[in-house]
Structures are given as structure tokens and as C-alpha cells.
Novice: 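Input: one structure, supplied below.
Since the structure is predicted, the reported quantities are computational estimates derived from the model, not experimental observations. Sequence lines set the chain letters: A, B, ... in the order given, protein chains first and strands last, and positions in each chain run from 1.
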Number of protein chains: 2
Amino acid sequence: METYGSDVWEAIGDPTRRAIMACLAGKELAVGELADELPVSRPAVSQHLKVLKNADLVAERTAGTRRIYRLNPAGVAALRDQLETFWSRALTGYQDIAAGRGGHATAGAENQFEEEE
Amino acid sequence: METYGSDVWEAIGDPTRRAIMACLAGKELAVGELADELPVSRPAVSQHLKVLKNADLVAERTAGTRRIYRLNPAGVAALRDQLETFWSRALTGYQDIAAGRGGHATAGAENQFEEEE
DNA sequence: ACGAACGGTAAGTCTAGGCTTACGTTATGC
DNA sequence: GCATAACGTAAGCCTAGACTTACCGTTCGT
């Protein structure tokens with residue numbers, strides 16, 4: 001649904017962003033709290049959260065002057081499905097499938113992989 | 001099994017490497033053939049294949065002076081499982097689980113995410 | 001045995017992007 | 001209303017790493 005998968009690869013490609021997602025797994029956290037648990041400054045966390053939000057991987061909730069961030073289950077699930085589709089194709093060697101349909105095999109997988117630039 | 005998950009994140013983080021994996025999905029290819037299908041030079045492909053091989057995502061087969069590369073199903077499956085474990089944790093919000101056991105919740109997820117540097 | 005093809009490696013360049021400091025903005029508490 | 005706290009944003013720096021050209025080793029064909 002929606003435009004998921006826009007730049008999810010870039011989003012989860014950075015170690016700090018993965019650490020942020022790990023911190024948010026199961027509990028909500030404000031920006032400052034995240035920065036306390038990570039070896040980077042608060043503005044750095046803020047910038048990473050911006051990327052994660054653009055990728056629909058986190059959601060925002062305002063509480064007074066604080067911004068509480070939380071994982072977005074829908075976005076995470078979408079990313080999971082996207083990866084799952086690829087793995088299954090790669091593992092089964094879907095060339096066999098394409099052979100039965102007479103199509104060029106690589107098209108689907110390429111779409112799975114390079115949706116950037 | 002083995003030392004999977006060493007630097008898989010770095011491996012799949014690059015668009016060109018994902019394109020290489022897409023090309024190898026279902027068919028074997030030599031280095032030069034891969035370079036023909038990609039917008040980068042042959043040495044670049046060679047360097048990417050080195051990274052992918054270190055991550056156990058591809059396997060090598062020598063045929064004369066040519067090196068035929070192929071996806072490594074075991075490595076791909078290992079990466080898939082690693083990701084799957086994380087997604088499920090993130091989605092279920094395993095804080096509930098940790099609450100029942102009295103432990104600090106984030107430890108498991110952090111291990112899932114930052115195994116580098 | 002020699003030449004050509006194939007591919008890995010070295011050295012160097014250049015850009016993307018992650019991090020920091022500094023600043024502006026907004027909302028709360030007194 | 002003012003001071004403060006929490007955040008986002010701008011500007012700038014700096015390193016990782018992706019790419020290229022040049023070179024060398026290896027293997028096959030004739």
C-alpha cells in the first residue's frame with residue numbers, strides 16, 4: 001500500500017539507523033532519550049529519524065515539547081514483505097518459473113533490487 | 001551455521017551489489033558478462049563480488065580462464081532468517097515478552113542490528 | 001612457446017552522506 | 001511575559017567507499 005519501498009534500502013543501510021530501530025523495538029522513545037542510548041549527538045539522531053520517517057519505518061507522536069517516536073508496524077511489515085519476495089525468488093531460482101512462462105527472468109528481480117537513482 | 005551475518009548489511013547496502021545479486025538470481029554469470037549488464041566497469045564488478053563473497057552471498061566456480069559466479073543459497077537463506085527474526089521482534093513488540101521475564105528488553109534487538117564495528 | 005582473453009589487484013580520485021556546532025522555533029512552567 | 005527545555009534545521013567538515021585506469025598473473029588456443 002502507498003509508496004512503500006521508496007528508499008528503504010538506504011534507510012536500513014546505516015548502522016546508526018538500525019540501532020535506532022532496535023531501540024524503538026517494543027517501546028516509544030523521545031529524541032533526547034534515543035540520543036542518550038546512542039554514541040551520536042541529538043541532531044544526528046534527529047536527522048536519522050527524518051530518513052526513517054520518510055521511509056515509513058517510524059511514526060511520530062507529539063507530547064508537549066517532546067517528540068515521541070515509535071516503529072511503524074505497517075512500514076516495517078511492507079519492508080519485510082519486499083525482502084521476503086526477493087529472498088524466495090533468489091533461493092528457488094525462479095528461472096524455472098520463467099521457463100514455464102517463456103518470459104525474460106531477470107526483470108522481476110531487478111525491480112526488487114534497484115528502485116533508486 | 002558458520003560466521004554468517006558478519007557484514008551482510010554492508011553487502012546488501014550498495015545498489016550495484018543488489019543489482020549483481022539480481023542478475024545472478026536463477027543463472028550463473030561470468031565477471032565480464034555481469035559487467036556487460038551493469039553500468040560499471042569490470043574491475044568494479046570484481047570488487048563488489050569480493051564483498052559479496054566475503055558475506056557468503058555468492059559462490060565461485062572456475063571454468064578455464066573465466067570465473068563463474070552464482071548465488072549462495074545457504075548465505076542468502078541465513079541473511080533472510082536474520083532479517084526475519086528482527087522483523088518479527090519489531091512487529092510483535094517483544095517488550096511484553098521481556099516484561100514477563102524481567103530482563104532489559106533492547107538487548108536482543110540490538111544484537112540483531114549492530115554486529116559491525 | 002607465444003599471444004590473447006579473462007579477471008583480480010593497486011593506486012588514486014571524487015562524491016555521498018554521517019556527524020558536529022550553532023542557531024531558530026515552539027511549548028511549558030513559574 | 002520570560003526563561004527554559006526539547007527539537008528541528010543550516011552550514012560545514014571529514015571519512016568511507018564506489019569507481020576508474022593501469023598493471024600483472026593465469027589459462028587456453030594454435
Side-chain angles (χ1 to χ4, degrees), chain A residues 6-24 27-70 72 113-117, chain B residues 6-24 27-72 110 113-117:
Chain A
S6 53
D7 40 7
V8 271
W9 286 107
E10 175 198 348
I12 64 171
D14 181 72
T16 303
R17 280 194 286 270
R18 293 198 297 273
I20 289 178
M21 292 186 67
C23 289
L24 292 179
K27 60 179 173 186
E28 300 180 325
L29 284 175
V31 181
E33 296 170 341
L34 276 170
D36 288 339
E37 301 193 15
L38 295 171
V40 294
S41 69
R42 187 193 49 75
V45 172
S46 218
Q47 293 163 5
H48 283 307
L49 286 170
K50 189 178 184 179
V51 176
L52 289 174
K53 181 167 183 172
N54 281 340
D56 276 317
L57 291 174
V58 301
E60 198 181 10
R61 178 170 69 86
T62 302
T65 159
R66 314 196 338 161
R67 247 103 165 199
I68 316 288
Y69 280 87
R70 158 172 161 64
N72 176 19
F113 272 94
E114 26 185 0
E115 73 284 351
E116 47 218 322
E117 89 222 354
Chain B
S6 52
D7 40 8
V8 272
W9 285 106
E10 177 198 347
I12 64 171
D14 181 73
T16 304
R17 281 195 285 270
R18 293 198 297 274
I20 288 177
M21 291 187 67
C23 289
L24 292 180
K27 61 179 173 186
E28 300 180 324
L29 283 175
V31 180
E33 295 169 343
L34 276 170
D36 288 339
E37 300 193 17
L38 296 171
V40 295
S41 69
R42 187 191 50 73
V45 173
S46 219
Q47 292 162 7
H48 283 307
L49 286 171
K50 189 179 183 179
V51 175
L52 289 174
K53 181 167 183 173
N54 282 339
D56 276 316
L57 291 175
V58 301
E60 198 180 10
R61 178 170 68 87
T62 301
T65 159
R66 315 196 339 160
R67 247 103 167 198
I68 317 289
Y69 280 86
R70 158 173 162 63
L71 281 190
N72 176 20
E110 280 171 6
F113 271 93
E114 26 184 0
E115 73 285 348
E116 48 219 321
E117 86 222 356

Novice: Less than 4.5 Å apart, side chain to side chain, heavy atoms only: is that true for B/I20 and B/L29?
Specialist: no
Novice: Under 3.5 Å, side chain of A/R17 to main-chain N/O of A/E10, donor-acceptor pair present?
Specialist: yes
Novice: Rounded to whole Å, how long is the line connecting atom CD1 of B/I12 with atom P of D/dA18?
Specialist: 13 Å
Novice: Measure from CZ on B/R17 to P on D/dA16 and round the result to the nearest Å.
Specialist: 15 Å
Novice: What integer distance in Å separates A/D36:CG from D/dC7:P?
Specialist: 10 Å
Novice: List in chain and number order the residues that pass side-chain contact (heavy atoms from CB on, under 4.5 Å) with A/V40, two or more places apart in sequence or in another chain; answer none if no residue qualifies.
Specialist: A/T16, A/L38, A/A44, A/V45
Novice: Under the salt bridge (charged side-chain N to carboxylate O under 4.0 Å, His left out) test, which residues partner B/R70, sequence neighbours left out?
Specialist: none
Novice: For DNA chain C, whose closest nucleotide is more 5', that of A/T16 or that of B/I68?
Specialist: B/I68
Novice: What is the distance from atom CD of B/E33 to atom CD of B/E28, rounded to the nearest 0.5 Å?
Specialist: 10.0 Å
Novice: Mind checking side-chain contact (heavy atoms from CB on, under 4.5 Å) for A/A11 and listing every partner two or more places apart, or none if nothing turns up?
Specialist: A/V51, A/L52, A/A55, A/L57
Novice: Provide the start and end nucleotides, 5' to 3', of the part of DNA chain C that has atoms under 4.0 Å from heavy atoms of chain A.
Specialist: C/dG18 to C/dT28
Novice: Which heavy atom of B/Y69 sits nearest to which heavy atom of B/L24, and what is that distance?
Specialist: O-CD2, 3.5 Å
Novice: Restricting both atoms to N or O, compile the protein contacts to nucleotides 28-30 of chain D shorter than 3.5 Å, with distance only.
Specialist:
none

Novice: Output the rounded distance in Å from CD (B/E10) to C1' (D/dA18).
Specialist: 11 Å
Novice: Would you say that A/V58 contacts A/N72 through its side chain, given a criterion of any heavy-atom pair below 4.5 Å between the two side chains?
Specialist: no
Novice: Got a sec, which residues hit side-chain hydrogen bond (donor to acceptor under 3.5 Å, both in side chains) with B/Q47, two or more places apart in sequence or on another chain?
Specialist: none
Novice: What pairs of residues pass the salt bridge (charged side-chain N to carboxylate O under 4.0 Å, His left out) test when at least one of them lies in residues 38-55 of chain B, not counting sequence neighbours?
Specialist: B/K53-B/E60
Novice: Rounding to an integer number of Å, can you tell me how far A/L52 CG sits from D/dC7 P?
Specialist: 16 Å
Novice: I need the residues from residues 39-51 of chain A with at least one non-hydrogen atom less than 4.0 Å from DNA chain D; give them sorted by number, or say none.
Specialist: A/R42, A/P43, A/S46, A/Q47, A/K50
Novice: For A/S46, is there any backbone N or O sitting under 3.5 Å from a side-chain donor or acceptor partner on A/R67?
Specialist: no
Novice: How bent is the helix from C/dA1-D/dT30 to C/dC30-D/dG1, measuring the angle between the end axes built from five pairs each, rounded to 10°?
Specialist: 20°
